[in-house]
Visitor: 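What follows is a structure written as structure tokens; I'll ask about it next.
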Amino acid sequence: MPSKRKATPLVQDAPKAGRASKVSTPGPATPRSVDSDDSDEAGEDSKELNKVIAQNVQRFDISFFPYMLPPGVTDTASIYFQPAQKRDFTDLPLKPDHHNRPLWIDAEPISRPAFLHEYRLTTHSLYAAVSVGLGPRDIISTIDVFLKNRMPPNIVRYITHCGKSYGKVKIVLRNNKYFLETTDPAVLQMLLKDPEIGPCRVQGAEEITTSAPTMAGLAIAGTKNAAGVREAGGSDKSNLNQNQTGRDPTTKEMFTTLNEDDDRNVIYAFQIKDEKVSTVAERCLTLHYPALEEYDFRNDYLNANLEIDLRPATQIRPYQEQGLSKMFGNGRAKSGIIVLPCGAGKTLVGVTAACTIKKGVIILATSNMSAIQWKNEFLKWSNIAPDSIAIFSSENKSVFTGNTGVIITTYSMVSNTRERAHDSAKMMLFITSREWGLMLLDEVHVVPAQMFRTVIGSIKSHSKLGLTATLLREDDKIEDLNFLIGPKLFEANWMELSQEGFIARVQCAEVWCPMSTEFYDQYLQADIRNRLLFCIMNPSKFQACQFLIKYHESRGDKIIVFSDSVYALEAYAKKLMKPYLYGGTGNAERQEILEYFRNSPQCSTLFLSKIGDTSLDLPEATCLIQISAQYGSRRQEAQRLGRILRAKRRNEEGFNAFFYTLVSKDTSEMFFSSKRQAFLVDQGYAFKVITHLKNIETTPGLAFTTPKERRELLQNILIEVERKSWAQEEEKESAALLADGNLFYGLDDKLSRRAPKRRGGAVARRIAGTLKDLGGGQDMAYIEQNKSVNKSVKKKGPHSAFFKAMKRGNERRRQLE
DNA sequence: CACTCCGGAA
DNA sequence: GACGATCCGGAGTG
């Protein structure tokens, strides 16, 4: 373990820590805290505290913050430690001078609203801490300095243990083969005997290497230098567009001195099967020997070097550099994840990493569009030759010309298990058969999905860098990233970035729209599936939306309205005469609308479906209204907010972006909404609740003010609900019926089976629906179908439904046999 | 363009 | 009794 390596100082963090300590409002982080920004009453105490923090922070490079208990509440000190079951630590002895000590938690952040920051100490966070160069003793003593109470011995043991076992096991790629390496023969034996790791070994291929890689002859810039630049970068945040330092602060300063690899020169290793790498990594983690990936790219003479460097004009922001310094902290490339908010320049981080390693790079993006964006960013920020960069997707299969280069592809392209097109297969062979220096994983939170994790195994790369804005999923697979890719190296603080003007300041609000009685009745009566539609189409919600659009348009904002329901999207947009965009919109039309929205002053409002959550780049938008959302998806909420974070106008004085969520009162939307907000609240955003929009009654021209209009609206919704359920049953029936093999018996069978669930009337209607289907009549669809070719109509075509169902039935039967 | 498979959310 | 379910998007292939 490197004893005292000087890590990069955290200049920005120190004053911030002080600010956080000015606690004026007691109480825990309530989701809806009042937005009271700068309460500038810095007492002498906190100034003193600042000093202490500043002194100690310098030695650490993890984003950690103290949080202070409110004055006067000194005797309920509590630390949130992961291994402990209870969260009350009142029985721990307090230090005599505890009032001078804030609590100081060194871990990954789980929640950081305005005044109270909650962090959690986990195995992963400790490993991450050690991986950036902190020894367990450093961690313990630093926490102790700021701790109000004595550290419980079990925590000490826990930290020490994590520190010891860390870094003993490494996964290394050599000559296109994966090896598990360790310097400790006992550990090697232990791993080989492990029932899970043992079988993953390639028999007869073990080896003992005696030549540990040395760092001799490496020109690594000193720490002093790096610190100086960081100082400069930290202080001139306002002039981030000017290249003030006059030199390229990118690669050299990222390295700090290193003095490990001292006397150990025997490495024990055995080869593991390519496809088992993630299994082994997972097992190692559970055995508390996390397998690291480190790439000594400067001493890699086997893989060709890539001619790539950052353009001289490219300026890296301090937080980006901070993240990168974690990755290259010891002169090698460590695998891991960097978390930055949307719009904070994730791509530039990736490009810089590529420029540092200067080997073959493979980039995995989520969509075709983002692949193209990656290419453009590479050309923009770096001097890479245009023929050294290629995109590999279904419509574009070029290869770079030289020995090595950059390949951009999509997850689904690589993880495709089905039969491939000919040149696609050839391309895959090319990709899987060579070694890559760096694998960049964009939107890395998608990787844990079963489909995508195969990517990790099939492409051999020396290091991996995952980038994401929202490191969260609603399932528990996010933890898997720790062994699939590596620890979280860096996470930016949203609030801090917005205070410094790197991303826009956002005002978040939740608007409660009352439900009119007739709608509420229908809502209660409706099937659980259709309930949401009534919430969304709630006339007062519509009015609120209209009002907000009007208000913000008059302020000159560019507005995006999000709706998950395509039906509602269309209804709203048509009624308000605004353009709308959803999945079914053709590509050409899509571009046209986007162009129109971007450039035309006449068009300042755009309606978007889920399509806008990712991949669409709309830097002009400054206001966002959400009229419906996907249940409780925190990720979606964060991504949508991200749409306006990169607002071009963010640097204008006093500029605010707005984020509204419209919620129908007393419906399930309320519950989901609060769930969705959780992540943003954790990031420090305060959601205001607006129960009544000022002057809404006196606003002229609002829709649905008369009972007649509302009745009509309700009628239309009911028709839609009907149509929907009809289409569903049609589908179900034809599917089920064909699966049974006999059309007519099957029909009877189905009907009698499901009859008890519904009343007689339903049965009659269902027969009608089925007959309609068989006969090819489309009368019902006619009502809803207007000039726009609706996707649902396409789907409902008797043809496709019929054959689809038949095929499905056949498939199922074949599988049974 | 049609078909297929997949993800994400309860 | 087993089995299945939703919607809306995306990408790849033919």
Side-chain angles (χ1 to χ4, degrees), chain A residues 364-371 392-397 409-425 427-428 443 445-454 470 472-475 477-478 527-533 536 562-570 581-587 590 608-616 628-637 639 668-669 671-672 675-676 724-725 727-729 731-733 735-736 739-740 750 753-754 757 789-792 794-795 797 799-809 811-812 815-816:
Chain A
L364 290 152
T366 45
S367 74
N368 241 324
M369 213 132 104
S370 99
F392 171 44
S393 67
S394 62
E395 58 207 35
N396 197 334
K397 296 183 181 68
T409 180
T410 59
Y411 287 104
S412 53
M413 197 74 203
V414 177
S415 58
N416 189 3
T417 49
R418 289 195 315 280
E419 203 176 342
R420 290 173 191 281
H422 179 66
D423 29 353
S424 166
M427 192 72 177
M428 265 313 285
E443 308 293 339
H445 55 265
V446 305
V447 172
Q450 197 49 54
M451 189 64 190
F452 293 144
R453 61 165 75 196
T454 60
T470 50
L472 50 87
R473 298 166 64 91
E474 302 304 320
D475 55 18
K477 291 211 185 101
I478 201 79
D527 200 331
I528 204 92
R529 249 197 312 303
N530 300 320
R531 279 191 164 187
L532 221 57
L533 199 57
I536 305 166
F562 274 112
S563 164
D564 254 32
S565 153
V566 177
Y567 172 81
L569 184 81
E570 205 173 336
L581 205 64
Y582 71 108
T585 318
N587 224 332
R590 214 182 271 187
L608 285 180
S609 72
K610 267 196 307 208
I611 193 179
D613 290 357
T614 49
S615 71
L616 255 69
S628 87
Q630 197 175 327
Y631 298 101
S633 172
R634 292 171 294 166
R635 190 188 47 80
Q636 190 185 41
E637 185 102 342
Q639 271 174 346
S668 51
E669 275 190 343
F671 167 71
F672 290 134
K675 246 196 100 157
R676 291 168 59 84
K724 233 165 73 181
S725 67
Q728 269 166 28
E729 303 208 346
E731 179 115 344
K732 248 189 242 163
E733 259 155 38
D740 282 0
K750 285 281 152 199
R753 234 187 290 168
R754 264 198 266 160
K757 273 190 185 169
V789 183
N790 202 313
K791 217 180 182 180
S792 57
K794 263 190 279 167
K795 243 188 214 165
H799 254 2
S800 63
F802 184 85
F803 284 111
K804 210 200 274 176
M806 185 150 76
K807 228 171 187 175
R808 215 178 286 164
E811 272 297 318
R812 207 167 296 156
Q815 277 181 7
L816 285 177

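A, B, ... follow the sequence lines: proteins, then strands. Residue 1 opens every chain.
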Visitor: Roughly how far apart, to the nearest Å, are B:dT4 and C:dA5 at atom P?
Guide: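 It works out to 15 Å between them.
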Visitor: Less than 4.0 angstrom between a side-chain N/O of A:Lys675 and OP1 or OP2 of B:dA10, yes or no?
Guide: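 It does, given that an N or O in the side chain of A:Lys675 lies less than 4.0 Å from OP1 or OP2 of B:dA10.
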Visitor: Round to a whole Å and report the spacing from CD of A:Glu443 to P of C:dG9.
Guide: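 Interatomic distance, CD of A:Glu443 to P of C:dG9: 19 Å.
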Visitor: Does A:Ser565 reach a base, just sugar-phosphate, or nothing at all? Heavy atoms under 4.0 Å.
Guide: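 The residue A:Ser565 makes no contact with any strand.
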Visitor: Is there side-chain contact between A:Thr410 and A:Thr366, with heavy atoms separated by less than 4.5 Å?
Guide: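 Of all side-chain heavy-atom pairs linking A:Thr366 with A:Thr410, none is under 4.5 Å.
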Visitor: Quick one: A:Arg531 CZ to C:dT6 C1', roughly how many Å, whole number?
Guide: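 Value for this atom pair: 16 Å.
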Visitor: Examine C:dG10: is either OP1 or OP2 under 4.0 Å from a nitrogen or oxygen in the side chain of A:Thr410? Give yes or no.
Guide: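 Answer is no, no contact under 4.0 Å.
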Visitor: Distance check: side-chain N/O of A:Ser412 vs OP1/OP2 of C:dA11, anything under 4.0 Å?
Guide: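 Indeed not, no polar side-chain atom of A:Ser412 lies that close.
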Visitor: What's the NE2-C1' distance between A:His422 and C:dT13, to the nearest Å?
Guide: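 So the two atoms are 15 Å apart, to the nearest Å.
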Visitor: What's the OH-C1' distance between A:Tyr411 and B:dG8, to the nearest Å?
Guide: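 Between C1' of B:dG8 and OH of A:Tyr411: 16 Å.
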Visitor: Separation of A:Ile536 atom CD1 from C:dC8 atom C1', in whole Å?
Guide: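 About 12 Å, once rounded to whole Å.
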Visitor: Could you tell me whether the side chain of A:Tyr582 reaches within less than 4.5 Å of the side chain of A:Leu608, counting heavy atoms only?
Guide: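 No - every pair of side-chain heavy atoms lies 4.5 Å or more apart.
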Visitor: Do the side-chain N or O atoms of A:Arg473 get closer than 4.0 angstrom to the phosphate oxygens (OP1, OP2) of B:dG8?
Guide: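 Yes.
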Visitor: Measure from the side chain of A:Arg635, starting at C-beta and using heavy atoms only, and say which of B:dA9, C:dT13, C:dG9 lies closest.
Guide: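 When the side chain of A:Arg635 is considered, B:dA9 is the closest of B:dA9, C:dT13, C:dG9.
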Visitor: Does C:dT13 have OP1 or OP2 under 4.0 Å away from a side-chain N or O of A:Ser424?
Guide: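 For A:Ser424, the contact criterion (side-chain N or O under 4.0 Å from OP1 or OP2 of C:dT13) is met.
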Visitor: Determine whether the side chains of A:Gln639 and A:Asp613 contain a donor N or O and an acceptor N or O closer than 3.5 Å.
Guide: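 No, no side-chain donor-acceptor contact under 3.5 Å.
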Visitor: Over how many whole Å does the gap from A:Arg453 atom CZ to B:dC6 atom C1' extend?
Guide: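 The distance from CZ of A:Arg453 to C1' of B:dC6 comes to 15 Å, rounded to the nearest Å.
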Visitor: Looking at the side chain of A:Glu474, which of C:dA11, B:dA10, B:dC6 is the nearest nucleotide?
Guide: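 From the listed options, B:dA10 comes nearest.
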Visitor: With respect to the side chain of A:Asn368, which nucleotide from B:dG8, C:dC8, C:dA11 is positioned closest?
Guide: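 In terms of side-chain proximity for A:Asn368, the closest of B:dG8, C:dC8, C:dA11 is C:dA11.
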Visitor: Could you give the CG-to-C1' distance, from A:Leu581 to C:dC8, as a whole number of Å?
Guide: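 In whole Å, C:dC8 C1' and A:Leu581 CG are 14 Å from each other.
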Visitor: For C:dG4 versus B:dC5, give the span between their P atoms, rounded off to a whole number of Å.
Guide: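 Nearest-Å result for C:dG4 against B:dC5 at atom P: 15 Å.
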Visitor: If you take all heavy atoms of A:Arg676 and A:Gln636, which pair is closest and at what distance?
Guide: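 Closest pair (atom of A:Arg676, atom of A:Gln636, distance): NH1-OE1, 3.0 Å.
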Visitor: What's the closest nucleotide to the side chain of A:Ala421 if the choices are B:dA10, C:dG10, C:dG14?
Guide: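 That would be C:dG14.
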Visitor: Using the side-chain heavy atoms of A:Ser633, tell me which of these nucleotides is nearest: C:dT13, C:dC7, B:dA9.
Guide: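 Given the options C:dT13, C:dC7, B:dA9, the side chain of A:Ser633 is closest to B:dA9.
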Visitor: Using side-chain heavy atoms (C-beta onward) and a distance below 4.5 Å, is A:Tyr411 in contact with A:Val447?
Guide: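 SC-SC contact between A:Tyr411 and A:Val447 confirmed.
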Visitor: When we call it a touch if two heavy atoms are under 4.0 Å apart, what does A:Lys477 touch: a base, just sugar-phosphate, or nothing?
Guide: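 Contact class for A:Lys477: none.
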Visitor: Which whole-number value in Å describes the distance from A:Asp475 CG to B:dG7 P?
Guide: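 Interatomic distance, CG of A:Asp475 to P of B:dG7: 11 Å.
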Visitor: Is the closest side-chain donor-acceptor distance between A:Ser393 and A:Asn368 under 3.5 Å?
Guide: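 The answer is yes; a qualifying pair exists.
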